[in-house]
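One structure is given below, encoded as C-alpha cells.
Treat the numbers as computed from the prediction; the structure is a model and nothing was measured.
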Amino acid sequence: MKKEIKQRILDLVSKEIKEINEVADKVKIDIPKEEKFGDIATNLAFLLAKPLKKKSIEIANRVREILEKEEDFEKVEVAGGGFINIFLSRSFYWQFLTKAVEEDSRYGEEREKNKGYINIEFVSANPTGPLHLGHGRGAVVGSTLANLKDYIGLKVEREFYINDAGRQIYLLGKSVYARFRQIEEPDYPFPEDGYRGEYIKEIAEELYQYEREKIMSMLDEDEAIEFCAEYAKNYLLDEVKKDLKDFGVEFDIWFSEKSLYEHGKVDEAIEFLRSKGLIYEKEGAVWLKTTEFGDDKDRVLIKSDGTYTYFAGDIAYHYDKFKRGYDYIINVWGADHHGYFPRLKAAVMAFGVPENWLRVIFIQMVKLFKNGKEIKMSKRSGEFITLRELLDEVGKDVVRYMFLTKDSDTHLNFDIDLALKQSNENPVYYVQYAHARIMSVFREAKKRFNFDPEQDFSPDLSLLKEDIERQIMKEIAFLPDTIYDIAEKEQPHKLTSLTYNLASKLHNYYYHYKFLVDDENLMKARLYLLKAVRSSLRTLFRLMGITPVERM
RNA sequence: GGGCCCGUAGCUCAGCUGGACAGAGCAACGGACUUCUAAUCCGUAGGUCGCAGGUUCGAAUCCUGCCGGGCCCA
C-alpha cells in the first residue's frame with residue numbers, strides 16, 4: 001500500500017514540480033511513531049531543497065497545497081522543518097478490514113508464487129547427536145524466513161543438508177561400537193575423541209538387543225563400526241526429524257552429503273570449474289582459483305593423497321543447487337562459520353552466479369540461564385541442554401517466540417525461568433491472550449445475542465469512531481506492507497514486536513470499550529473490526545509458527 | 001597478526017539503506033476487577049546511545065581511531 005500511496009503523491013506533485021522525478025527514488029514514505037505526525041509522512045521536501053534552491057519548509061508548504069486536494073488525504077500538515085505529514089481519511093481504511101476478514105490467516109499474502117524461486121537451507125545439523133539450542137534458533141529463523149518469502153510470492157524450497165560422510169560419522173560409529181562392546185566387556189576402550197553423550201549408550205543398547213548376533217559375527221572391526229555408524233545415523237536423523245516436526249519445522253528436501261560422492265557429483269563440479277579455467281594443480285594437489293572472486297587465497301579441492309577436501313564436497317553441493325535454477329539461495333549458518341563464507345561465495349561465483357546469489361544468515365550463540373545462572377553447554381562432555389529438553393520444559397510456542405525476538409546476528413540469552421512464567425513477564429502469553437480474548441468475545445456474542453461473528457456480514461464501519469479504533473484500522477491496513485518489508489530485508493525477528501504492538505492495541509481496546517453492546521449496529525461494526533484483528537494476528541502467528549489459542 | 005558480532009534506561013533488547021524531543025518489554029513506584037477472561041489496562045520514574053574525532057542542513061545510525069566483551073582463522 002505504501003507503494004501505491006507514494007505513486008499517488010509523486011503523480012500529484014510532479015504535475016507542478018517536475019524536479020520530483022529526479023529524486024523519486026529517494027522519496028520515503030514512513031509511518032511516524034507519533035500520531036500527531038499523521039498516518040504517513042514523507043521527506044520529499046528535503047530532497048527538493050537542493051534542486052529547487054529553496055528552503056525545505058517553503059517547498060513543503062507548496063506540496064501541502066497540492067496534496068490537500070486529494071480526497072483520501074483528510075489533512076496535510078508541515079512540521080519539523082519540512083516533513084510533510086498526511087492524515088488519511090477514516091473511510092480509506094475500510095477496504096483493508098474487509099480484505100483481512102476475507103483472507104483470514106493469509107491476510108495480504110501474495111497468492112501467486114511467481115515472484116521468484118529460492119532455496120533456504122537451515123539447521124543442517126550433523127546426525128551425530130541431538131539438536132541443541134543453536135540448531136533450534138536456526139530452525140526458527142530459517143522456517144520463519146521461508147514463510148516470509150513464501151508470503152511475498154516466492155516459490156520456496158526448504159532444505160536440510162545431511163553431513164553423513166566423513167570423519168564425524170566414523171567417530172560416531174566408533175563411539176557406538178565401543179559402548180556396544182562395553183556391555184559385555186566394561187573395560188573395552190572408548191575412543192579418545194568419541195561422543196560421550198548418554199544417547200550413544202541408548203543406541204548401543206538397542207543394537208545389543210536387536211543386532212547383537214549380526215555385529216558379533218562381523219570379523220572385521222571396521223565393518224562393524226560402519227554398521228554401527230549407519231544405524232546410529234539413521235536413529236539420530238529420525239530423532240532430529242521428530243524434534244523438528246514437533247518444533248513446527250518441515251523440510252522439502254533432505255540432501256545427503258554422501259550421495260554427492262556416490263554419484264560422482266564432486267568430480268562433475270570440479271570438471272565444470274576446470275572448463276572455466278579456474279582449476280590448476282600444484283604440489284600434487286588440485287586447487288580452485290577462489291582469489292579471482294575475492295577470497296584471500298586459493299583453496300585445495302583434492303589433497304595430494306587423492307582425497308577430497310570438505311570444501312570440495314560443499315562446492316559439489318552448491319553446484320547441484322546452482323543447476324536447480326534458483327534465483328538465489330539462503331544458507332542459515334552458525335556464526336562460527338563466518339570465516340567460511342568468503343571462500344564459498346567465491347566458489348559459487350565461479351559458477352557464474354551474481355554477487356548476492358548466495359546469502360548467508362548467521363545465527364549467534366544461545367546462552368541458557370536458569371536461576372540467574374548460565375548453564376554451560378559442552379558437546380564433548382555430553383552435558384548440554386538439547387532442544388528436545390527445552391521443548392518439553394517450556395513448549396513450542398514459547399521457544400519459537402523467544403528465539404525470534406532478537407536479531408539472529410546477536411547473542412541470545414534464554415531465561416528458562418522467564419519462559420516458564422505464565423504472566424505478564426512472558427510476551428508469548430500476551431500475544432496469544434489477544435487472540436484468545438477475541439475468541440472469547442465471539443463465543444459470548446453467540447451465547448448472549450445469538451449472533452455468530454463467523455458468518456459473513458457487512459456492518460456500517462462508519463460507526464467505528466473511537467481513536468483506538470482508528471489506530472487499529474491503520475495497523476491492519478499497513479500490516480501487509482510491514483510484513484513485505486520484513487521479508488525483503490530478511491529480518492524475521494521484527495515479527496515479534498509487530499505482533500506485540502497489535503496485541504497491545506487489542507488489549508487496550510478491550511479494556512476501554514465494550515463490544516457486546518445493545519446498539520446492534522455498533523456491536524457488529526466492532527465485532528467486524530475484531531475479526532480483522534484476528535486475521536492479522538493469525539497471519540503473524542502462522543508466519544512465526546505459533547499456535548493461535550482459542551482460550552486460555 | 002587478520003576477520004566477524006556486540007557495547008543504547010537497573011536488566012533483556014528494538015531502532016543503525018542518516019531525519020522530527022532516543023523506543024519497547026521486564027524490574028521499581030502509584031492506581032483500575034459487581035463488566036465481553038485483570039495472563040489485562042492506565043500512570044510515574046529512569047539514558048553523556050562505550051570514548052574521541054570526521055562527513056552532513058541534520059549522526060545512536062555513515063567514516064576513522066581507541067577502549068571493553070564474545071567468537072572464528074592463521
Protein heavy-atom contacts under 4.0 Å, written 5' to 3' over nucleotides 8-13 of chain B as B (base), S (sugar-phosphate only) or - (none), form the string ----SS

Next on the checklist: Any N or O donor-acceptor pair under 3.5 Å from the base of B:rA32 to the side chain of A:Tyr511?
Outcome noted: yes

For A:Ser440, report the nucleic acid contact type (base, sugar-phosphate, nothing); a contact means any heavy atom under 4.0 Å.
base

ask   = With sugar-phosphate meaning primed atoms plus P, OP1 and OP2, does A:His493 contact a base, only sugar-phosphate, or nothing at under 4.0 Å between heavy atoms?
value = sugar-phosphate

Comparing A:Ser504 with A:Arg443, nearest RNA chain B nucleotide closer to 5' gives the residue A:Arg443

Separation of B:rC41 atom P from A:Tyr510 atom OH, nearest Å, is 12 Å

Heavy-atom nearest pair, A:Phe449 first then A:Val517, reads CE2-O, 3.8 Å

Answer for the Watson-Crick or wobble partner of B:rA24, both distances under 3.5 Å, is B:rU12

chi for B:rC33 classified (syn = within 90 degrees of 0, anti otherwise) as syn

Under a 3.5 Å limit on both distances, the Watson-Crick or wobble mate of B:rG65 is B:rC51

RNA chain B nearest-nucleotide lookup for A:Arg551 and A:His507: closer to the 5′ end is A:Arg551

Closest heavy-atom pair, A:Val101 versus A:Ala532, reported as atoms and distance to 0.1 Å, is CG2-N, 3.8 Å

Closest to the side chain of A:Lys494, out of B:rG3, B:rC16, B:rC41, is B:rC16

May I ask you to evaluate whether A:Asn501 reaches the phosphate of B:rA24, defined as a side-chain N or O under 4.0 Å from OP1 or OP2?
no

Here the distance between atom C1' of B:rG3 and atom CG of A:Asp296, to the nearest Å, is 9 Å

